[in-house]
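Beneath this line is the structure, given in structure tokens, with notes to follow.
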2 protein chains.
Amino acid sequence: MGTQQPAERQLPSRRIADDLRRAIETGELAPGARLPSERDLAGRYGTARNTAREAIRLLADGGLVIAEHGRGVFVRRESPLIRLGNDRYSHKYRESGLSPFLLECAKQGKTGRFEVLSIEQIEPPAEVARHLRLSMSERSVLVRENVFFADADPVHRVTTYIPWEIAEDTGLVNPEVGHPYGIHGIFEERGHVMTRLRESVSARMPKADEARYLQLPPGVPVLDVMHISIDQHGEPYELTRFVMRADLTGLLYDTPIE
Amino acid sequence: MGTQQPAERQLPSRRIADDLRRAIETGELAPGARLPSERDLAGRYGTARNTAREAIRLLADGGLVIAEHGRGVFVRRESPLIRLGNDRYSHKYRESGLSPFLLECAKQGKTGRFEVLSIEQIEPPAEVARHLRLSMSERSVLVRENVFFADADPVHRVTTYIPWEIAEDTGLVNPEVGHPYGIHGIFEERGHVMTRLRESVSARMPKADEARYLQLPPGVPVLDVMHISIDQHGEPYELTRFVMRADLTGLLYDTPIE
DNA sequence: GAGTGGTCTAGACCACCTA
DNA sequence: AGGTGGTCTAGACCACTCC
């Protein structure tokens, strides 16, 4: 009839995926809705089940849907992100007595909590030593490994490196940091006031152990943030690596141009 | 013999994937090396080809390897990231005559370049209007859509929204912004000097069209950055959305604590 | 043309969830 | 028990690359 030339022969798996994607984008399949089962789709489109399965995989890879074993495949709900802002370290929140993460959670109506996985004294990786400007003779750091939760969800895996010279004889070696303002209160008592922060941000797919710790569904990347605290003398005194699940958390920077 | 109890019955696909992952991590399979073919793996492990294929998919999803049609599957090489720092807007680089992106590329020994995809006058999305504090009567913006390249690779898809009131009668409506310091030089002539920036950062898997523009291999997430420029009066005057491929680029913030 | 990855078929069994 | 996703088999044809 018209000038329209179908020409574009679609792969069956792409066709099914596109149809589903359209249904999701138009709202026909609302967030949380269940998709037709793989067997159902295969029947409707006259394909093998594996082909319908491949279609769903295409959507799951993009994070659009999430499969739950024995239950079905569901359109993913968007959770509002918890945004960690550079503001979280601001001295004006000092009196709140909350550590930066708990502060951000509270601001955003979530209940924050953290679990200490381990606390060790080790020789730091070369990269950490370089950023903390540790000389060969001072290569000893306290490492605290935490998982941060927002409500029930684990959202960050957090590794903090503190030069041993600063950490020794403080509460930092104990799991319970009973200090208002969290560990930063302790740093201040030791004479290090945070006056700058330097954070480098990357994104990538999680490693196997990160996926476990963070209970990450497939198709969700992580933000990988290396945070360095700089004191009033321009000296770095603490380095923290955040691995954050990107479907629940983000970052926010509000800074002057110098 | 010993106390070792295999007990853990491994799925064949996981076993193949784990073996390959180990070979990659130990360096036995160096970056750039070719993996055994799917048919080869299937033969060695006595599985169907689809099972070997599934194993490779597990690695590709994590971004560890990259399949090339007709050639083979290769261990991904790590490219050093180009880090966009907040520093890139610093006035001290003004004389260089380079726009922020070209500046960062130059700093890192890459050749930067950009292509203009489109320039239009439109009514902005509600979110953009809100962040630019546009009243109902001023809801008109100039939108410039660009792709940034570092050497040969497209690395950022960049969408800039400028209130029409600021953009009209400037070089901004032309594809060639022949102004030193790029578009920010033009903003300064119109009386807007960047004194703060606000950037919110998320990571996610790319949408289909983003994957096309950025020629993204599967398993590579994007950084999604919303940048807002704030002038000397505290007024936002420009909003740019960066969609950055996360395997080649990252961010860097160095800011004072207030 | 030979070898590679990309896709598909038509079955099968398992693990998990709901009832 | 019946339905769901998770995995696997043993084939097949196609599209792409290299020689």
Side-chain angles (χ1 to χ4, degrees), chain A residues 7-20 24 29 32-76 208 211-212 215-220, chain B residues 7-20 24 29 32-76 208 211-212 215-220:
Chain A
E8 286 285 318
R9 219 197 112 262
Q10 277 264 32
L11 292 174
S13 58
R14 296 297 288 269
R15 169 139 190 264
I16 299 176
D18 288 347
D19 285 355
L20 290 171
I24 291 168
L29 281 169
R34 220 198 75 187
L35 271 58
S37 77
E38 295 173 351
R39 290 163 178 86
D40 185 353
L41 286 169
R44 287 197 219 181
Y45 286 87
T47 69
R49 183 184 153 208
N50 269 347
T51 303
R53 187 171 173 71
E54 168 71 8
I56 287 174
R57 195 182 67 75
L58 291 171
L59 301 181
D61 277 356
L64 207 57
V65 302
I66 172 83
E68 296 183 25
H69 196 165
R71 304 212 325 121
V73 177
F74 300 86
V75 181
R76 187 169 270 162
R212 261 201 315 282
Q215 295 169 24
L216 277 172
V220 175
Chain B
E8 287 284 319
R9 220 198 110 263
Q10 277 263 35
L11 293 174
S13 57
R14 297 296 288 270
R15 170 138 189 267
I16 300 175
D18 288 347
D19 284 355
L20 290 171
I24 292 169
L29 282 168
R34 221 196 75 185
L35 271 58
S37 77
E38 296 173 350
R39 288 163 178 87
D40 185 354
L41 286 170
R44 286 197 220 181
Y45 286 87
T47 69
R49 183 182 153 210
N50 269 347
T51 303
R53 186 170 172 72
E54 168 73 7
I56 287 174
R57 196 182 67 74
L58 291 171
L59 301 181
D61 278 356
L64 207 57
V65 301
I66 173 81
E68 296 184 25
H69 195 165
R71 304 211 325 122
V73 178
F74 300 86
V75 180
R76 187 168 272 162
R212 260 201 317 281
Q215 295 169 24
L216 276 172
V220 175

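Chain letters run A, B, ... following the sequence lines, proteins first and then strands; every chain starts at 1. Because only heavy atoms are used, hydrogens play no part in the values below, and waters and symmetry mates are left out as well, while side chains stay in.
Within the model, atoms CG of A:Leu59 and CZ of A:Arg57 stand 10.5 Å from one another, a figure rounded to the nearest 0.5 Å. For the atom pair CG of A:Asp40 and CG of A:Leu35, the computed distance is 10.0 Å after rounding to the nearest 0.5 Å.
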- Stepwise side chain to side chain contact (heavy atoms under 4.5 Å, CB included) test for A:Arg76 and A:Val220: CA-CA 11 Å; A:Arg76 187 169 270 162; A:Val220 175; 3.4 Å; yes
- Message: Assess the residue pair A:Asp18 and A:Gln10 against the criterion (side chain to side chain contact (heavy atoms under 4.5 Å, CB included)); give the C-alpha distance rounded to whole Å, side-chain angles, the decisive distance to 0.1 Å, and a yes or no.
- Response: CA-CA 10 Å; A:Asp18 288 347; A:Gln10 277 264 32; 3.3 Å; yes
- Task: Check the pair B:Arg44, B:Asp19 against side chain to side chain contact (heavy atoms under 4.5 Å, CB included), reporting the backbone distance first and the verdict last.
- Result: CA-CA 12 Å; B:Arg44 286 197 220 181; B:Asp19 284 355; over 6 Å; no
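Toward the 5' end of DNA chain C, the nearer of the two residues A:Thr51 and B:Gly70, judged by each one's closest nucleotide, is B:Gly70. Taking for each of B:Asn50 and B:Arg39 the nucleotide of DNA chain D with the nearest heavy atom, the 5'-most of the two is the partner of B:Asn50. If A:Arg14 and A:Arg49 are placed on DNA chain C by their nearest nucleotide, the residue sitting closer to the 5' end is A:Arg14.
Distance CZ (B:Arg34) to C1' (C:dG5): 10 Å, rounded to an integer number of Å. In this structure, the CD atom of A:Glu68 is 12 Å from the C1' atom of C:dC16, given to the nearest Å. The CZ atom of A:Phe74 sits 17 Å away from the P atom of C:dC16 (whole-angstrom rounding). Rounded to whole Å, the distance from CD1 on B:Ile56 to P on C:dG5 is 6 Å.
Residue B:Arg57 is out of contact with every strand shown, counting any heavy-atom pair closer than 4.0 Å.
Put simply, chain B comes within 4.0 Å of DNA chain D, heavy atom to any atom, from D:dT7 to D:dC18, going 5' to 3'.
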- Query: Pairing of DNA chain D as dot-bracket, 5' to 3': ( ) intra-strand, [ ] crossing, | other strand, . unpaired, with Watson-Crick or G-U pairs under 3.5 Å?
  - Reply: ||||||||||||||||||.
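The two residues B:Ala52 and B:Ala42 have their closest heavy-atom pair at CB-N, 3.9 Å.
By the 4.5 Å heavy-atom criterion applied to side chains, B:Tyr45 and B:Thr51 are not counted as neighbours.
Between the side chain of A:Arg53 and the main chain of A:Glu38, no donor-acceptor pair closer than 3.5 Å is present.
Checked against B:Pro36 for a side-chain contact (heavy atoms from CB on, under 4.5 Å), the options B:Ile16, B:Ile56, B:Leu20 give a single hit: B:Leu20.
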